[in-house]
Amino acid sequence: MNNPDIARIFEEMADLLELHGENAFRVRAYRNGAKAIMELDEAVAAIVEDESKDLQSYSSIGKTLADKCRTLVETGRLPQLEKLKAETPEVLIKMTRIPGLGVKKAMALQTELGIETLEELKEACEQEKVRALKGFAAKTEKLILDGLEIAEAASQRIRLDQAEKLVHRINEHLKGCDAIDQMEFAGSFRRGKETIGDVDILVVSQNHDAVMDQLEAFTGVVSVIVRGDTKMSIRVDEQFQVDLRVVPAESFGAALQYFTGSKEHNVAVRSRARKMGLTVNEYGVSKLDDPYNYIAGKTEEEVYEALGLEWVSPELREGRKELTWAENRNETPELLELEHIVSDLHMHTTASDGANSIEQMADAARERGLTHIAITDHSKRVTMANGLDEARLLEQWKKIDDFNKKQDDGFRVLKGVECDILEAGPLDIADEVLAEADWVIASVHYGQKQSRQEITDRIVGALENPHVHTIAHPTGRLIGSRPPYDVDLHTVFQAAVEQQKSLELNASPRRLDLSEENLLQAAQMGIPITINTDAHAVTGMEVMRFGVTQARRAGLTREQVLNTWALDELLEWLS
DNA sequence: GCCGTTTTCGGCCCGACTGTTTTCAGTCG
């Protein structure tokens, strides 16, 4: 029973308790507990077994959740969850996924009409039986019929890079609207989350109708979900939701703060306000006893300032430690910025499966303001990528030596390799050849389905090889399409600390591996992080910004990231 | 269920939109 398992169970408890109409604060307590456990830098199991440690000393974990953690670690089960599950008809959970159908209505349908499946629900609507119930009418029947398909589809989130494309399209479309005075995309997109559940647009305008008409005319609009005076939601590209909010200019900052979230961050901000005798909504900050007289709201800075806080970077707004930092001034980590990056240490060329030469990759990197890169083509095991054997590697490195000699601006290409960790454990390239490299990345491409023990041993074994400097994409996950290997990351992190090795944050928006939670833990353990694009062509280098955003979300500073170090600093560390 | 520079009990963020009601409950973000 590892931390993500326990967190998932608490999330499930929260969902089920919510479905049963439990106290909303109790539900939130389970959610907060799940989040806290996901972000814990040690294993709950280890804390339970260690007499000197107390789970209750961690924030959001009280007596009850601590007890449940102990039960889970010791027995692998949670009787309360099993009881709740047994008491909850499956169809209830499914029905609440229909937009507009919440717990109360789902419960009424289930108990009063005896609905057991979504199919039966559909029939009941078609036979106009639903409208007979109190609180239901013809429109609700139609709402349910329309929403059934959405409920069947898995809740879909899109990757940050896909969201960026959609945002760009909407931005281009809305730019043509003269009624818009100010516009910002908020929500999880602004916070730079790896996946986005919906797009949130904030607009300042005197003419709400003109803005909403313009959005409604956007290509790809499937339906208008709601449209009121200040708020509109549409569905685009099949099932993706876009929310629009129109506010007056003097409220723009407060609305941006509110609309950027996260929900947890906003709860923390508003709780703090209450303790100060203030209240915050999307229109501004005001005194509790004079709620309509706003004392701040035009800018976000003003809103935070009114609460005695420094402005908080959107990437940090997740209800973790950001308010404590912002309150104590100068405690917020100085977050990594794209401009700090001077190297890219994982890329491929035509020698393996890349599309460009060493020279082309180097030129492109130089144009991006980098001072050094590492060429790291695949090793021979990756046959489908035309991986290099020892002889071809040595030949390539000779070319790199020649290339470096010709550079008069100090630009340097490091001789590297992305060396496979073979299924049985050893590395794909002989040690005496690896010893010649400037930079060695080890990675898993085959045998991803191995057991936890096997795959963890392979990666730890690679870290113990004196020639290896980092592990590429340490969990192998592909966002939305492939789960991580069953690797014990805590053990990998400990090995990295002991061996003084780095770990990669692969910047590809499909990977972003390590994940944000993983990064938080790795950084706390002091492991230097390498952010690399894994570019297979010169255009592939542009994904660096996604890696930087992910690092910022984990609170990483310049010092913690190898790619910000000058060449001589890096070489010294390598030696 | 958690938490405390008012509190170990009694709070817990705040508001918009819709449908079904005639003043509001339910849902959502």
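What you see is a predicted model; the values in this text were computed from it and never measured.
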Peer 1: When rounded to the nearest Å, what value does the distance between P atoms of dC2(B) and dC13(B) take?
Peer 2: 16 Å
Peer 1: Compare the minimum distances between each of dG1(B), dA16(B), dG29(B) and the side chain of Leu65(A), then state the nucleotide with the smallest one.
Peer 2: dG1(B)
Peer 1: Over 60° means perpendicular and under 30° means parallel, so classify the ring planes of Tyr294(A) and Tyr283(A), tilted if in between.
Peer 2: tilted
Peer 1: On the nucleotide dG26(B), are OP1 or OP2 found under 4.0 Å from the side-chain N or O atoms that Lys104(A) carries?
Peer 2: yes
Peer 1: Any side-chain N or O of Ser233(A) below 4.0 angstrom from OP1/OP2 of dC28(B)?
Peer 2: no
Peer 1: Without decimals, in angstroms, what is the distance between Leu288(A) CG and dC14(B) P?
Peer 2: 7 Å
Peer 1: Using a 4.0 Å heavy-atom cut-off, does Arg28(A) contact any base of the nucleic acid, only the sugar-phosphate backbone, or nothing at all?
Peer 2: base
Peer 1: Expressed in whole Å, how much space separates the C1' atoms belonging to dC14(B) and dT8(B)?
Peer 2: 28 Å
Peer 1: When you get a sec, tell me which of dG15(B), dG19(B), dC12(B) is the closest nucleotide to the side chain of Asn281(A)?
Peer 2: dG15(B)
Peer 1: From the set dG1(B), dC14(B), dC3(B), return the single nucleotide nearest to any side-chain atom of Arg270(A).
Peer 2: dC14(B)
Peer 1: Hey, is Arg227(A) close enough to Glu216(A) for a salt bridge, meaning N to O under 4.0 Å?
Peer 2: yes
Peer 1: Just checking Val27(A): base, sugar-phosphate only, or nothing, at a heavy-atom cut-off of under 4.0 Å?
Peer 2: nothing
Peer 1: Both Ile225(A) and Tyr58(A) contact DNA chain B. Taking the nearest nucleotide for each, which residue is further toward the 5' end?
Peer 2: Tyr58(A)
Peer 1: Please tell me which of the listed nucleotides, dC13(B), dA16(B), dG19(B), lies nearest to the side chain of Thr140(A)?
Peer 2: dG19(B)
Peer 1: Can you tell me, in whole Å, how much space there is between the C1' of dT20(B) and that of dT27(B)?
Peer 2: 14 Å
Peer 1: Regarding Leu143(A), tell me which of base, sugar-phosphate or nothing describes its non-hydrogen contacts under 4.0 Å with the strands shown.
Peer 2: nothing
Peer 1: Evaluate the side-chain proximity of Glu11(A) to Arg8(A): yes if any heavy-atom separation is below 4.5 Å, no if none is.
Peer 2: no
Peer 1: Is it the case that the side chains of Asp243(A) and Gln241(A) hold a donor-acceptor pair, with the cut-off being a distance below 3.5 Å and no angle test?
Peer 2: yes
Peer 1: With respect to the phosphate group of dC28(B), does any side-chain polar atom (N or O) of Gln241(A) fall under 4.0 Å of OP1 or OP2?
Peer 2: no
Peer 1: Using side-chain contact (heavy atoms from CB on, under 4.5 Å) as the criterion, point out the one residue from Val246(A), Leu256(A), Leu244(A) that pairs with Leu202(A).
Peer 2: Leu256(A)
Peer 1: As a test of reading the structure: which of dA16(B), dG29(B), dC12(B) is closest to the side chain of Arg245(A), going by heavy atoms?
Peer 2: dA16(B)
Peer 1: Using a cut-off of strictly less than 4.0 Å, decide whether Thr230(A) has a side-chain nitrogen or oxygen near OP1 or OP2 of dC17(B).
Peer 2: yes
Peer 1: Which one, dC17(B), dG1(B), dG19(B), comes nearest to the side chain of Lys139(A)?
Peer 2: dG19(B)
Peer 1: Sort out for me which residue in Arg169(A), Arg159(A), Arg545(A) forms a side chain to side chain donor-acceptor pair (under 3.5 Å) with Glu164(A).
Peer 2: Arg545(A)
Peer 1: With sugar-phosphate meaning primed atoms plus P, OP1 and OP2, does Leu17(A) contact a base, only sugar-phosphate, or nothing at under 4.0 Å between heavy atoms?
Peer 2: nothing
Peer 1: Any donor-acceptor pair under 3.5 Å linking the side-chain atoms of Ser52(A) with those of Asp50(A)?
Peer 2: yes
Peer 1: Starting from P on dG19(B), measure out to CG on Leu133(A) and report it in whole angstrom.
Peer 2: 18 Å
Peer 1: What nucleic acid atoms does Asn32(A) come within less than 4.0 Å of, heavy atoms only: base, sugar-phosphate, or nothing?
Peer 2: nothing
Peer 1: Roughly how many Å is it from OH in Tyr283(A) to P in dG15(B), rounded to a whole number?
Peer 2: 9 Å
Peer 1: Could you work out which one of dG1(B), dC13(B), dT27(B) sits closest to the side chain of Arg274(A)?
Peer 2: dC13(B)
Peer 1: Nearest whole angstrom, please: distance from the C1' of dT20(B) to the NZ of Lys105(A).
Peer 2: 8 Å
Peer 1: With C1' as the reference atom in both, quote the distance from dG15(B) to dG10(B) in angstrom, rounded to an integer.
Peer 2: 24 Å
Peer 1: So which nucleotide from dG29(B), dT20(B), dC2(B) ends up closest to the side chain of Ala137(A)?
Peer 2: dT20(B)
Peer 1: Considering only heavy atoms from C-beta outward, does the side chain of Ile47(A) approach that of Leu40(A) to under 4.5 Å?
Peer 2: yes
Peer 1: Measure NZ/Lys231(A) against P/dC14(B) and give the value in whole Å, please.
Peer 2: 17 Å
Peer 1: Counting the atoms with a prime plus P, OP1 and OP2 as sugar-phosphate, which does Val103(A) contact under 4.0 Å by heavy atoms, base, sugar-phosphate, or nothing?
Peer 2: sugar-phosphate
Peer 1: According to a strict under-4.0 Å criterion, is Arg272(A) in side-chain N/O contact with OP1 or OP2 of dC13(B)?
Peer 2: no
Peer 1: What integer number of Å spans the P atoms of dT22(B) and dC12(B)?
Peer 2: 31 Å
Peer 1: Considering only the P atoms, how many Å lie between dT6(B) and dG1(B), rounded to the nearest integer?
Peer 2: 28 Å
Peer 1: Mind calculating the distance between CZ (Arg97(A)) and C1' (dC28(B)) to the nearest angstrom?
Peer 2: 17 Å
Peer 1: Write down the partner of dT8(B) under the Watson-Crick or G-U wobble criteria, each distance required to be under 3.5 Å.
Peer 2: none
Peer 1: Closest approach to the side chain of Thr279(A), judged atom by atom: which nucleotide of dC14(B), dG1(B), dT20(B) is it?
Peer 2: dC14(B)
Peer 1: Measure from CD on Glu264(A) to C1' on dC2(B) and round the result to the nearest Å.
Peer 2: 15 Å
Peer 1: Here's a test of your reading of the structure: between Leu101(A) and Lys263(A), which maps to the more 5' nucleotide of DNA chain B?
Peer 2: Lys263(A)
Peer 1: Quickly work out the Phe259(A) CZ to dC14(B) P distance and round it to whole Å.
Peer 2: 18 Å
Peer 1: For dG1(B), does either OP1 or OP2 sit under 4.0 Å from a side-chain N or O belonging to Lys68(A)?
Peer 2: yes
Peer 1: What's the closest nucleotide to the Ser271(A) side chain, out of dC13(B), dG29(B), dT20(B)?
Peer 2: dC13(B)
